[in-house]
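Everything below concerns the one structure shown next.
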Protein chains: 2
Amino acid sequence: MRKSFLFLDTITNKVDAKGRVSLPADYRTIVKELSTEIVCYRSLTAPCIEGCTEELLEKLAADIENSTDFFSEDQDDLTNLIFGDAKRFSFDSTGRIVLTEKLLKHAEITENAVFVGKGKKFQIWSEENWAKEEARIREKVKLSRPCLRIKENNND
Amino acid sequence: MRKSFLFLDTITNKVDAKGRVSLPADYRTIVKELSTEIVCYRSLTAPCIEGCTEELLEKLAADIENSTDFFSEDQDDLTNLIFGDAKRFSFDSTGRIVLTEKLLKHAEITENAVFVGKGKKFQIWSEENWAKEEARIREKVKLSRPCLRIKENNND
DNA sequence: CAAAATACCATGATATACCATATTCATATA
DNA sequence: TATATGAATATGGTATATCATGGTATTTTG
């Protein structure tokens with residue numbers, strides 16, 4: 001039995017005329033093992049779709065309920081936006097989900113969808129936008145290596 | 001039951017046309033005992049592949065989830081880079097993993113892969129690049145021996 | 001009843017799991 | 001010290017299973 005459930009890797013799949021895309025097999029495994037569902041919404045900060053398990057959204061909701069003061073008012077507003085936008089996506093027997101027009105348009109996705117793992121979350125990009133975004137981030141990291149320390153210090 | 005699981009030693013194995021390499025037996029033992037998986041990604045700072053257990057990445061993901069807000073920009077960028085690039089590698093009954101073209105290219109690996117233990121993590125180098133890197137490190141240590149102290153004290 | 005959304009089937013490409021052989025390494029023995 | 005012996009590991013090859021994707025049937029909904 002696995003202990004960890006992380007969305008990893010970067011995988012490009014085709015989107016057909018109906019908006020159908022294969023959810024990467026690894027991602028499906030996580031959904032099955034946690035007996036949850038995938039939830040997607042428009043990213044608030046980038047031209048991409050953001051996704052996670054419904055389980056994670058439930059946790060977020062619980063956190064807000066239990067300790068309101070822990071979250072700033074701004075964050076509370078943002079969370080509202082996400083919950084309002086989020087939609088549940090279940091995949092069929094062949095492993096595909098059907099993305100909505102609204103989401104595809106926001107992410108400017110036409111032919112291909114690029115799934116990018118983010119640990120507990122993942123994103124879906126158009127090839128062009130992801131290429132730009134990855135370049136931007138790599139450039140940024142080159143200039144400020146200290147950020148990486150977070151990782152290095154994580155030993156025990 | 002063992003308490004510490006460190007990736008040690010330097011081992012060279014062949015990479016075949018499909019990118020298959022034997023994971024050093026010692027490394028396999030660690031993976032089995034922790035019932036986890038190996039995760040590899042391109043080093044952000046050197047021409048080599050970096051690897052660790054999925055367990056370690058899981059800790060990182062947990063830290064990110066807890067220590068910062070859901071919407072921090074830096075965290076967002078960093079998680080994209082690390083989790084988006086990282087890929088899970090499970091070994092078959094003979095102990096081999098199949099490295100991807102992307103990773104091999106980044107590390108300039110063709111014939112042989114050099115596994116270098118780094119404690120909680122390890123690296124995979126081409127023979128040429130590792131020779132250079134090792135020489136560089138040894139030279140650096142010669143010039144500033146005090147640094148070594150820091151390292152020695154770090155073990156427990 | 002028409003249109004759209006959803007579920008199922010078929011196929012080729014790709015990746016994975018397994019078997020067989022060679023090599024290395026450690027131990028024992030002369 | 002050199003050599004024999006056996007076990008563990010590494011490596012080459014091949015069969016098998018999985019996955020992505022195009023197409024079609026079936027159900028839902030207005």
Side-chain angles (χ1 to χ4, degrees), chain A residues 2 7-33 37-40 49 51 87-105 109-117 122 124-127 130, chain B residues 7-33 35-41 49 51 54 86-105 109-117 122 124-127 130:
Chain A
R2 276 174 56 201
F7 295 110
L8 299 177
D9 208 356
T10 297
I11 288 146
T12 302
N13 284 339
K14 277 199 174 177
V15 182
D16 73 8
K18 298 175 202 164
R20 289 190 303 182
V21 213
S22 279
L23 196 67
D26 278 1
Y27 291 17
R28 278 182 265 163
T29 307
I30 294 175
V31 173
K32 281 181 202 155
E33 295 227 25
E37 298 270 3
I38 287 294
V39 168
C40 293
I49 301 166
K87 184 170 150 53
R88 204 175 286 116
F89 289 87
S90 49
F91 50 85
D92 62 20
S93 58
T94 64
R96 278 185 290 200
I97 58 174
V98 185
L99 294 172
T100 63
E101 196 53 47
K102 183 175 80 176
L103 291 175
L104 290 169
K105 198 173 173 188
I109 292 171
T110 53
E111 295 261 298
N112 293 295
V114 184
F115 291 81
V116 182
F122 63 90
I124 315 177
W125 293 77
S126 75
E127 283 183 303
W130 172 243
Chain B
F7 295 110
L8 299 175
D9 209 354
T10 298
I11 287 145
T12 302
N13 284 338
K14 273 200 177 178
V15 182
D16 73 9
K18 298 176 202 160
R20 290 191 301 186
V21 214
S22 278
L23 196 67
D26 281 359
Y27 291 17
R28 277 182 267 165
T29 307
I30 294 175
V31 174
K32 280 180 202 155
E33 295 229 25
S35 22
T36 184
E37 298 270 4
I38 287 294
V39 167
C40 293
Y41 50 91
I49 300 166
E54 188 170 359
K87 186 168 153 56
R88 208 174 281 117
F89 289 89
S90 49
F91 51 85
D92 62 20
S93 56
T94 64
R96 278 184 291 196
I97 58 173
V98 186
L99 293 172
T100 63
E101 196 52 48
K102 184 174 81 175
L103 291 174
L104 291 169
K105 199 173 173 189
I109 293 171
T110 53
E111 295 263 299
N112 293 295
V114 184
F115 291 81
V116 183
F122 62 89
I124 314 176
W125 292 78
S126 74
E127 284 182 304
W130 173 242

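First the proteins, then the strands, lettered A, B, ... as listed; each starts at 1.
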| message | Just verifying a value: how many Å separate A/Arg20 CZ and A/Phe91 CZ, rounded to the nearest 0.5 Å? | response |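 Going from the CZ atom of A/Arg20 to the CZ atom of A/Phe91 covers 15.5 Å.
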
| field | Point-to-point distance, once rounded to the nearest 0.5 Å, from CD1 of B/Ile97 to CG of B/Leu103 | value |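 The CD1 atom of B/Ile97 sits 9.0 Å away from the CG atom of B/Leu103.
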
Mind calculating the distance between [atom1] ([X]) and [atom2] ([N]) to the nearest angstrom?
X	N	atom1	atom2	answer
A/Ile11	C/dA15	CD1	P	11 Å
B/Phe89	C/dA17	CZ	C1'	17 Å
B/Arg96	C/dC19	CZ	C1'	11 Å
B/Asp26	D/dA8	CG	P	14 Å
A/Glu101	C/dA5	CD	P	10 Å
B/Asp16	D/dT9	CG	P	20 Å
B/Leu23	C/dT16	CG	P	15 Å

Would a 4.5 Å heavy-atom cut-off, applied to side chains only, mark [X] and [Y] as touching?
X	Y	result
A/Val21	A/Phe115	yes
A/Ile109	A/Ile49	yes
A/Asp9	A/Pro24	no

| Is a side-chain N or O of B/Asn112 found less than 3.5 angstrom from the main chain of B/Thr12, in a donor-acceptor match? |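 Checking the backbone N and O of B/Thr12 against the side chain of B/Asn112, no donor-acceptor pair under 3.5 Å is found.
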
| query | When you measure from the side chain of A/Tyr27 to the backbone N and O of A/Leu8, does any donor-acceptor pair fall under 3.5 Å? | reply |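 A pair under 3.5 Å: yes.
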
Just to be sure I understand the rule, does [X] reach a base, reach only the sugar-phosphate, or reach nothing, if contact means heavy atoms closer than 4.0 Å?
X	result
B/Ser90	nothing
B/Asn13	sugar-phosphate
A/Ile97	nothing

Would you indicate which nucleotide in [options] comes nearest to any side-chain atom of [X]?
X	options	result
B/Thr94	C/dC9, D/dT9, C/dA20	C/dA20
B/Ser93	D/dT11, D/dG23, C/dC18	C/dC18
B/Asp92	C/dA17, C/dA20, D/dG22	C/dA17
A/Arg20	D/dC19, D/dG23, C/dA10	D/dG23

| Degree of bending in the helix from C/dC1-D/dG30 to C/dA30-D/dT1 once both end axes are built from five pairs, to 10° |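 Overall, the helix from C/dC1-D/dG30 to C/dA30-D/dT1 bends by 40° from one end axis to the other.
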
| query | For the side chain of A/Lys18 and the base of D/dT21, is some donor closer than 3.5 Å to an acceptor across the two? | reply |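 There is none.
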
| Do B/Lys14 side-chain and D/dT9 base share a donor-acceptor contact under 3.5 Å? |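 By the distance-only test, no, there is no pair.
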
